[in-house]
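Read through the structure below, which is laid out as structure tokens, and then see the notes.
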Amino acid sequence: QVQLLESGGGSVQAGGSLRLSCVTSVDNFSNYCLGWFRQGPGKEREAVATIDSYGGTKYADPVKGRFTISKDNTENTLYLEINNLEPDDTAMYYCAAEYNVLYGGRCVSFSGGTFDYWGPGTQVTVSS
């Protein structure tokens, strides 16, 4: 059974930084498209960043320049470095993984609807 588990969330002041981690049990971790998503209070889930099997990354406009997604294929771990946090970044952050044989490790979409496996989430709260 594939499992993903996030950690690293917390309560910080605006301008602070956090590093989120997501440990996974997927086989052939390096072949997957991986992503970070978030859902703020009263908001719909939104994509934050994705990284494909080739290391190609994509970011949502509100986080460009502040968030960095990365992965360690030897540790089966996905990371999200978050800098210059803003109150609007307050949300539950989820990691997710997908593999579509037709896309060969590329991400199918940025919306999250095609991702197969999800973690339970880690809460990030930013105070002004």
Side-chain angles (χ1 to χ4, degrees):
Q1 182 178 358
V2 174
Q3 293 184 324
L4 290 78
L5 184 62
E6 306 91 340
S7 63
S11 296
V12 298
Q13 289 191 328
S17 298
L18 287 172
R19 189 191 197 201
L20 307 185
S21 300
C22 172
V23 178
T24 80
S25 67
V26 296
D27 292 331
N28 300 313
F29 174 84
S30 62
N31 291 343
Y32 278 73
C33 164
L34 305 163
W36 286 98
F37 300 82
R38 67 184 182 185
Q39 187 166 15
K43 299 179 181 179
E44 294 187 353
R45 186 186 68 195
E46 62 180 354
V48 174
T50 58
I51 184 167
D52 65 26
S53 65
Y54 304 94
T57 58
K58 184 175 181 178
Y59 295 91
D61 286 342
V63 308
K64 285 180 180 177
R66 300 188 299 120
F67 289 21
T68 303
I69 188 171
S70 63
K71 61 177 180 172
D72 185 334
N73 289 334
T74 65
E75 298 291 334
N76 278 22
T77 302
L78 177 70
Y79 300 101
L80 186 68
E81 191 80 32
I82 309 174
N83 297 309
N84 194 19
L85 277 157
E86 302 170 354
D88 281 348
D89 295 322
T90 295
M92 184 72 80
Y93 283 72
Y94 302 91
C95 65
E98 70 165 357
Y99 180 74
N100 187 309
V101 65
L102 296 178
Y103 283 73
R106 299 284 185 191
C107 298
V108 176
S109 72
F110 197 60
S111 67
T114 58
F115 281 72
D116 305 301
Y117 308 109
W118 293 81
T122 186
Q123 178 68 38
V124 172
T125 302
V126 185
S127 58
S128 57

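Contact annotation: the side chain of V124 approaches that of L20 to within less than 4.5 Å [non-hydrogen atoms, C-beta and beyond]. The shortest distance between side-chain heavy atoms of N28 and V26 does not fall below 4.5 Å. Within the 4.5 Å cutoff, the side chain of S17 has heavy atoms near those of the N83 side chain. The closest side-chain heavy-atom distance from L85 to Q13 is not below 4.5 Å.
Within the 3.5 Å criterion, the main-chain N or O of Q3 finds a donor-acceptor partner in the side chain of S25. The main-chain N or O of N76 is found under 3.5 Å from a side-chain atom of T24 such that the two form a donor-acceptor pair. The closest donor-acceptor contact from the side chain of K71 to the backbone of D52 lies under 3.5 Å. Listed for the E6 side chain is a donor-acceptor partner under 3.5 Å among the backbone atoms of C95. The main-chain N or O of E75 is found under 3.5 Å from a side-chain atom of T77 such that the two form a donor-acceptor pair.
L5 approaches P120 most closely through the heavy-atom pair CD1-CG, 3.9 Å. The minimum heavy-atom distance between P87 and S128, with the atom names listed, is CG-CB, 3.9 Å. Of all the heavy atoms in L78 and S70, the pair that sits closest is CD1-O, 3.3 Å. In terms of heavy atoms, A97 sits closest to L34 at CB-CD2, 3.6 Å.
A side-chain N or O of E98 and one of T114 form a donor-acceptor pair less than 3.5 Å apart.
Here the CZ atom belonging to R106 is positioned 13.5 Å from the CG atom belonging to N100, to the nearest 0.5 angstrom. The line from CZ of F67 to CD1 of I82 is 4.5 Å long, rounded to the nearest 0.5 Å. In this structure, Y54 OH and S30 OG are separated by 10.5 Å, a value rounded to the nearest 0.5 Å. Of the inter-residue distances, the one linking K64 atom NZ with T57 atom OG1 reads 10.0 Å to the nearest 0.5 angstrom. The distance from atom OH of Y59 to atom CG of L80, rounded to the nearest 0.5 Å, is 7.5 Å. For the atom pair L18 CG and E81 CD, the distance stands at 9.0 Å (nearest 0.5 Å).
The environment of F110 atom CZ is dense: over 12 non-hydrogen atoms of other residues, nucleotides or ligands sit within 6.0 angstrom.
Y93 and Y117 fall within the same hydrophobic cluster, where Ile, Leu, Val, Met, Phe, Trp and Tyr residues are linked whenever their side-chain heavy atoms come under 4.5 Å apart, directly or through other members. V23 and Y99 end up in different hydrophobic clusters when Ile, Leu, Val, Met, Phe, Trp and Tyr side chains are linked at under 4.5 Å. A single hydrophobic cluster is not seen to contain both I51 and Y79; linkage of ILVMFWY side chains at heavy-atom distances under 4.5 Å, directly or through other members, places them apart. Criterion: ILVMFWY side-chain heavy atoms under 4.5 Å apart, direct or through other members. Under it, V101 and V2 are part of a common hydrophobic cluster.
Between F37 and F115, the ring planes lie perpendicular to each other; the angle is over 60°, past the 30° to 60° tilted range. Between Y94 and W118, the two ring planes are perpendicular [angle over 60°; tilted spans 30° to 60°].
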| From CA spacing to verdict: side-chain hydrogen bond (donor to acceptor under 3.5 Å, both in side chains), S53, N31 | CA-CA 5 Å; S53 65; N31 291 343; 5.8 Å; no
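Among residues at least two apart or in separate chains, salt bridge (Lys or Arg N to Asp or Glu O under 4.0 Å) pairs with a member in residues 27-38 are R38-E46, R38-D89.
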